[in-house]
S.K.: 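Before I ask anything, let me first share the structure, which is written out below as structure tokens.
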Protein chains: 2
Amino acid sequence: MYRTVYWHYNIMNNKENILKCALELFASKGYDAVGVQEIVTNAGITKPTMYYYFENKRGLLEAIMKEYASDLLIKVTKASAYHGDITKTLTDITMEYFNYAAKHPDFFRLQLSLWLAPPESEAFQVIFPYLELEQKAIEELFLYAAKDHGNMKGRHVLYALSFLGIIHTYIGISFNGYTKLNDELVYKLIHQFMHGIFS
Amino acid sequence: MYRTVYWHYNIMNNKENILKCALELFASKGYDAVGVQEIVTNAGITKPTMYYYFENKRGLLEAIMKEYASDLLIKVTKASAYHGDITKTLTDITMEYFNYAAKHPDFFRLQLSLWLAPPESEAFQVIFPYLELEQKAIEELFLYAAKDHGNMKGRHVLYALSFLGIIHTYIGISFNGYTKLNDELVYKLIHQFMHGIFS
DNA sequence: ATGCCAATATACCGTTCGGTACATTAAAAG
DNA sequence: CTTTTAATGTACCGAACGGTATATTGGCAT
């Protein structure tokens, strides 16, 4: 018979706890620099417990991406719907990114650190599909917007990539303490992207 | 007595060869993912030879940065001198970056992959001083330019960071095969930074 | 009460990690 | 021709790596 209840009256869910510890460590030290032993010690369990829930170290990263990146992707995709006002849509997207980075700083630090990582590295190969989908969603926005703005025609890929680049840059700047992720920064970013530094 | 000649009639200089192999591997797989053994095997020597020339693995990265990043820094600093035409100066800086990325793709891939790496990671701590100096050089440019362009006042830090962000983004885009690093892309980048995507 | 099974720990695997003690090589200096 | 010394290989270190065979635990259904 199928069962959905827990056998052990655990104080906390081990699987989620492992994931949380792994994310913290990956974000602060980098994926390759963190050992499995370090993760499970931080989580207060042992290695076989981790390997019971996840196939391997890579599976940990995959689970993190599945939990957070797909969530982010949905929000970004929704915000990317074009309704005739490109400035508003870009503002919405930026706010989704900023909100997500503020709400899940560890995840976003990890995504940031792997954004331009070597394509051959294991970690990059795990996150690439998600990055690609984010990119495609924004590409489509610019493709639609090009119908109203002729000068955008044929530039949707470069616009999507550079827009994502500016967003990642601004979030990186905030993580390094140079500024704060607030509505004013959203405005500055959009203004810079749309009109450049010459007001 | 001081000697400048080689004792061994080596076909190739081991020290430079080790550095070259290390750079290639760091760039393609990531600093943490590359072991010392892999480096020396690629270089066709053994570990003690590497440790004869470099203190440790970190010393390898430091030597790479000293060879390439200080070179790049000099070029960027020179190009950052403000002579009344901010557009031209930014164009010059961008061309220096593009030229350097094209001439030393392995080095720049490495710098790119560590640009937003976790601040606690060893590799980031090695490259940070160089990144910081590049940033300061460009900050100073915007500080000077603000005398001619009042609207820039108080924004030199954000401008410098976002300008570097766009440059890194564009170079990353080219490395991933979406476009090529040529004069046309320099123009596009500068135009976007100065006037936004709305021509 | 008992058999089942998800969940977890003990103890271990072979490999690779960064790093080194020590012997050897060979060319320059005397 | 001997001494010196930069340069390099052999062989090894303890620790950490990712991963696992196996035993135990303890609720659950029967």
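All chains are named by letter (A, B, ...) in the order of the sequence lines, taking the proteins before the strands, and each is independently numbered beginning at 1.
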S.K.: When the distance from CD of Q37(A) to P of dA11(C) is rounded to whole Å, what number comes out?
M.R.: 14 Å

S.K.: Do L164(A) and L73(A) belong together in a cluster built from hydrophobic side chains that touch within less than 4.5 Å?
M.R.: no

S.K.: Per the salt bridge (Lys or Arg N to Asp or Glu O under 4.0 Å) rule, what does the pair list look like for residues 181-199 of chain B, sequence neighbours excluded?
M.R.: E184(B)-K188(B)

S.K.: For L60(B) and dG19(C), what is the distance between atoms CG and C1' respectively, to the nearest whole Å?
M.R.: 13 Å

S.K.: Donor-acceptor pairs under 3.5 Å, side chain of residues 139-147 of chain A to any protein atom, not counting sequence neighbours: which ones?
M.R.:
from, atom 1, to, atom 2, distance (Å)
E139(A), OE2, Q135(A), NE2, 2.8

S.K.: In whole Å, what is the span from the CD1 atom of I18(A) to the C1' atom of dA7(C)?
M.R.: 11 Å

S.K.: Using heavy atoms and a sub-4.0 Å distance, could you list which residues of residues 22-31 of chain B are near DNA chain C? By number, please.
M.R.: none

S.K.: For the pair T41(A) and Q37(A), evaluate side chain to side chain donor-acceptor pair (under 3.5 Å) and give the outcome as yes or no after the intermediate values.
M.R.: CA-CA 6 Å; T41(A) 302; Q37(A) 185 59 56; 3.0 Å; yes

S.K.: Hey, can you pull the residues of residues 40-50 of chain A with a non-hydrogen atom under 4.0 angstrom from DNA chain D?
M.R.: K47(A), P48(A)

S.K.: List, one per line, each side-chain donor-acceptor pair under 3.5 Å for residues 115-129 of chain A, sequence neighbours excluded.
M.R.:
from, atom 1, to, atom 2, distance (Å)
S121(A), OG, P118(A), O, 2.7
S121(A), OG, F124(A), N, 3.4
E122(A), OE2, Y31(A), OH, 2.5
Q125(A), NE2, P119(A), O, 3.4
Q125(A), NE2, E120(A), O, 3.2

S.K.: Closer than 4.0 Å, any side-chain N/O of Y52(B) to the OP1 or OP2 of dA7(D)?
M.R.: yes

S.K.: By nearest heavy atom, map K15(B) and N56(A) onto DNA chain D; which one lands nearer the 5' end?
M.R.: K15(B)

S.K.: Counting heavy atoms from C-beta on, name the nucleotide in dC17(D), dG18(C), dT20(D) closest to the side chain of Y51(A).
M.R.: dT20(D)

S.K.: Without decimals, in angstroms, what is the distance between I39(B) CD1 and dT16(C) P?
M.R.: 16 Å

S.K.: Please report the distance, rounded to the nearest Å, between CG in D32(A) and C1' in dG18(D).
M.R.: 13 Å

S.K.: Is any side-chain nitrogen or oxygen of N14(B) closer than 4.0 Å to OP1 or OP2 of dA7(D)?
M.R.: no

S.K.: Do any side-chain nitrogens or oxygens of Y53(B) fall under 4.0 Å of OP1 or OP2 in dA6(D)?
M.R.: no

S.K.: Could you give the CD-to-C1' distance, from E122(A) to dC17(D), as a whole number of Å?
M.R.: 13 Å

S.K.: Between R58(A) (CZ) and dG19(D) (P), how many Å, whole number?
M.R.: 11 Å

S.K.: Give every residue pair that meets the salt bridge (Lys or Arg N to Asp or Glu O under 4.0 Å) criterion with at least one member in residues 31-47 of chain B, sequence neighbours excluded.
M.R.: K29(B)-E38(B)

S.K.: Check for a donor-acceptor pair, side chain of T49(A) on one end and backbone N or O of I45(A) on the other, with a separation under 3.5 Å.
M.R.: no

S.K.: Hey, which sits more toward the 5' end of DNA chain D by its nearest nucleotide, E55(A) or A33(A)?
M.R.: A33(A)

S.K.: Testing Y170(B), F163(B), Y187(B) one by one against F193(B) for a ring pair (Phe, Tyr, Trp, His ring centres under 6.0 Å), which residue passes?
M.R.: F163(B)

S.K.: Take atom CD of E38(B) and atom P of dT16(C), then tell me their distance rounded to the nearest Å.
M.R.: 11 Å

S.K.: Establish, yes or no, whether a centroid distance under 6.0 Å links the rings of Y100(B) and H104(B).
M.R.: yes

